[in-house]
Protein chains: 2
Amino acid sequence: MKTRILVVDDQTVVREGLVLLLELLPGIDVAGACGDGEQAVAMVAELRPDVVLMDLRMPRMDGVEATRRIKEAHPDVGIVVLTTYADDDSIFAALRAGARGYLTKDAGADEIARAVDAVRDGASQLDPAVQRRLVEAVAAGGRPRRAGLPDGLTRREAEVLALIARGRSNTEIAGDLFISEATVKTHINNLFAKANLRDRAQAVTYAYEHGLVG
Amino acid sequence: MKTRILVVDDQTVVREGLVLLLELLPGIDVAGACGDGEQAVAMVAELRPDVVLMDLRMPRMDGVEATRRIKEAHPDVGIVVLTTYADDDSIFAALRAGARGYLTKDAGADEIARAVDAVRDGASQLDPAVQRRLVEAVAAGGRPRRAGLPDGLTRREAEVLALIARGRSNTEIAGDLFISEATVKTHINNLFAKANLRDRAQAVTYAYEHGLVG
DNA sequence: CGAGGCGTCCACCCGCAGGTGGAGGGGCAG
DNA sequence: CTGCCCCTCCACCTGCGGGTGGACGCCTCG
């Protein structure tokens with residue numbers, strides 16, 4: 001069973017080029033093509049393709065809105081965004097709207113094919129640069145590291161705290177910082193007093209909540 | 001200039017197989033290989049590879065922690081996780097720790113090569129299923145709320161862990177859960193063993209990294 | 001039925017974490 | 001110069017946290 005695709009792009013050359021390109025690929029069958037979001041929504045309802053290859057910048061209704069409406073009415077239809085731009089706004093808007101793939105127009109036919117296959121199988125295939133953005137969003141997502149030291153902690157105390165949050169023992173911290181264990185204890189006692197902490201477990205929580213680690 | 005790679009996997013067969021496999025690839029040069037996280041950290045400092053191919057489940061120090069330390073000391077070294085498991089916990093923990101690629105062991109040589117290239121060039125290459133998870137996390141808007149418990153923790157153990165992460169002492173936890181302190185200790189000892197933790201400070205870190213709190 | 005996992009509990013031991021009270025040197029500002 | 005803060009270090013004590021090796025009832029599953 002070939003994968004049935006709907007191509008949506010307002011630029012005629014691009015659209016027709018894509019159609020030709022896609023029909024050369026084994027396992028892919030171009031069910032239709034159109035040039036704006038409104039038509040796309042209508043044609044999905046009519047043709048019921050497996051996957052929609054969607055441009056973002058289009059007249060009358062943009063790709064994000066079209067994606068949203070299509071996913072609303074037909075959640076089982078996979079949508080792969082294929083666009084020139086890969087800025088964060090476009091990426092996140094499209095993914096939030098329900099797109100499962102995101103490629104730039106630098107992509108080759110094989111990449112498009114991979115993306116279509118992945119999306120049809122319920123997976124995802126994104127442009128490597130887009131993957132990077134996502135990874136970064138996830139990595140940063142959660143706790144943006146704040147700059148200043150909370151509660152008047154000294155630099156050294158914060159340093160010790162960070163090591164505590166890394167699960168290091170006092171002896172290990174002493175080794176890490178080339179100071180004696182006694183000094184480590186002093187710093188710890190001081191920072192406990194300043195931050196109103198009882199033990200290192202609370203200290204770790206404190207470190208995470210204040211973005212000193214994470 | 002060939003891309004220099006460090007292979008990290010505790011299973012000898014897998015590790016040596018990977019080395020052979022990778023050396024067949026043009027453009028890749030295997031700089032070294034080792035079997036646990038501690039060695040990995042040391043070898044990165046010594047060999048300065050371009051990319052580390054990292055397993056997650058390993059003795060002595062797991063891949064997430066090793067990734068974190070490597071990225072801390074050498075932010076320019078790219079890390080690609082190659083593991084059997086693709087659960088949300090592992091994925092997000094690894095990415096948060098600084099991994100830029102994530103593949104499962106179903107990946108073929110070509111996929112590994114693509115991932116290595118992408119990461120060396122500052123991009124990302126993830127397993128399609130992993131991409132899907134990320135897309136869904138983004139689409140869901142918020143951060144991933146994990147359902148399953150990591151490392152085979154029982155519900156009760158996770159409950160105790162959550163209280164530890166909130167800075168509660170054993171006596172307090174006993175009070176919170178209406179059980180004896182002895183029971184609390186038992187749960188703690190069990191979860192320490194399962195998650196390979198040494199003390200409650202490490203437990204708090206673990207809880208945060210696995211999204212049990214935060 | 002028996003095996004095994006889970007949750008509950010106990011006694012005992014030990015070490016490191018945490019608290020107290022000091023002391024000395026270097027840097028920076030008033 | 002003279003505080004004052006930061007970092008460094010010491011001795012001592014206490015107790016909670018963590019490890020060991022059990023025990024028992026309950027449930028599920030083969």
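For the pair B:H187 NE2 and C:dT8 C1', the interatomic distance rounds to 7 Å; values are reported in whole Å. Rounded to an integer number of Å, the gap from NZ of A:K194 to C1' of D:dC7 is 11 Å. Counting to the nearest Å, the P atom of D:dC5 and the CG atom of A:L153 are 16 Å from each other. Rounded to whole Å, the distance from CZ on B:R156 to C1' on C:dC9 is 13 Å. Atoms CD1 (A:I173) and C1' (C:dA17) sit 11 Å apart, rounded to a whole Å. The interatomic distance linking A:R155 (CZ) with C:dG27 (P) rounds to 15 Å, in whole Å. At whole-Å resolution of the value, CG in A:D199 and C1' in D:dG17 are 10 Å apart. What separates CD of B:E159 from P of C:dT8 is a distance of 8 Å, to the nearest Å.
Across the helix from C:dC1-D:dG30 to C:dG30-D:dC1, the helix axis at one end is tilted relative to the axis at the other end by 50° (nearest 10 degrees, each axis from five pairs).
Surrounding CZ of B:R166 are at most 12 heavy atoms belonging to other residues, nucleotides or ligands under 6.0 Å away.
The closest side-chain donor-acceptor pair between A:T3 and A:R120 falls under 3.5 angstrom. Side-chain contact annotation: B:T183 with B:T186, donor-acceptor N/O pair under 3.5 Å absent.
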Derivation of the salt bridge (Lys or Arg N to Asp or Glu O under 4.0 Å) call for B:D50 and B:K2: CA-CA 9 Å; B:D50 300 305; B:K2 287 190 168 188; over 6 Å; no

Worked check of side-chain contact (heavy atoms from CB on, under 4.5 Å) between B:I173 and B:E181: CA-CA 8 Å; B:I173 295 174; B:E181 193 180 336; over 6 Å; no

side-chain contact (heavy atoms from CB on, under 4.5 Å) assessment of A:V52 paired with A:V44: CA-CA 8 Å; A:V52 179; A:V44 166; 3.8 Å; yes

Audit row: B:R96, B:E209, salt bridge (Lys or Arg N to Asp or Glu O under 4.0 Å) steps and yes/no: CA-CA 8 Å; B:R96 256 195 256 278; B:E209 297 302 331; 5.1 Å; no

Chi angles and distances behind the side-chain contact (heavy atoms from CB on, under 4.5 Å) call for A:L177, A:L163: CA-CA 10 Å; A:L177 299 179; A:L163 287 168; 3.9 Å; yes

B:E65/B:R69 under salt bridge (Lys or Arg N to Asp or Glu O under 4.0 Å): CA gap, chis, key distance, verdict: CA-CA 6 Å; B:E65 182 59 24; B:R69 301 208 183 181; 2.8 Å; yes

From CA spacing to verdict: side-chain contact (heavy atoms from CB on, under 4.5 Å), B:I91, B:D127: CA-CA 10 Å; B:I91 294 171; B:D127 182 273; over 6 Å; no

Please tabulate, one pair per line, each protein N/O and nucleotide N/O from nucleotides 23-30 of chain D that are separated by under 3.5 Å, including the distance.
none

Between protein and nucleic acid, restricted to nucleotides 19-22 of chain C and to nitrogen or oxygen atoms under 3.5 Å apart, what atom pairs and distances do you find?
unit_1 : atom_1 : unit_2 : atom_2 : d
C:dG19 : OP2    : A:N189 : OD1    : 2.8

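Phosphate contact (OP1/OP2 of C:dC9, side-chain N/O of B:S180, threshold under 4.0 Å): present.
Listed by residue number, B:S169, B:N170 are the residues of residues 163-170 of chain B with a heavy-atom contact under 4.0 Å to DNA chain D.
Across all strands shown, B:N190 has no heavy atoms under 4.0 Å from either base or sugar-phosphate atoms. At the heavy-atom level, A:E181 lies under 4.0 Å from the strands shown only through sugar-phosphate atoms.
Counting only residues at least two apart or in different chains, salt bridge (charged side-chain N to carboxylate O under 4.0 Å, His left out) contacts with residues 196-206 of chain B comprise A:E172-B:R198.
Of the listed residues (B:L197, B:I164, B:L161), just one forms a side chain to side chain contact (heavy atoms under 4.5 Å, CB included) with B:V204, and that residue is B:I164.
Distances were taken from every side-chain heavy atom of B:T154 (C-beta onward) to each of C:dT8, D:dG17, C:dC6; the shortest belongs to C:dC6.
Remark: B:E38 pairs with B:R60 by the salt bridge (Lys or Arg N to Asp or Glu O under 4.0 Å) rule, at least two apart or across chains.
Both A:R200 and B:I179 sit near DNA chain C, but only B:I179 has its closest nucleotide nearer the 5' end.
Once rounded to the nearest 0.5 Å, the distance linking CG of B:L56 with CG of B:D10 reads 10.5 Å.
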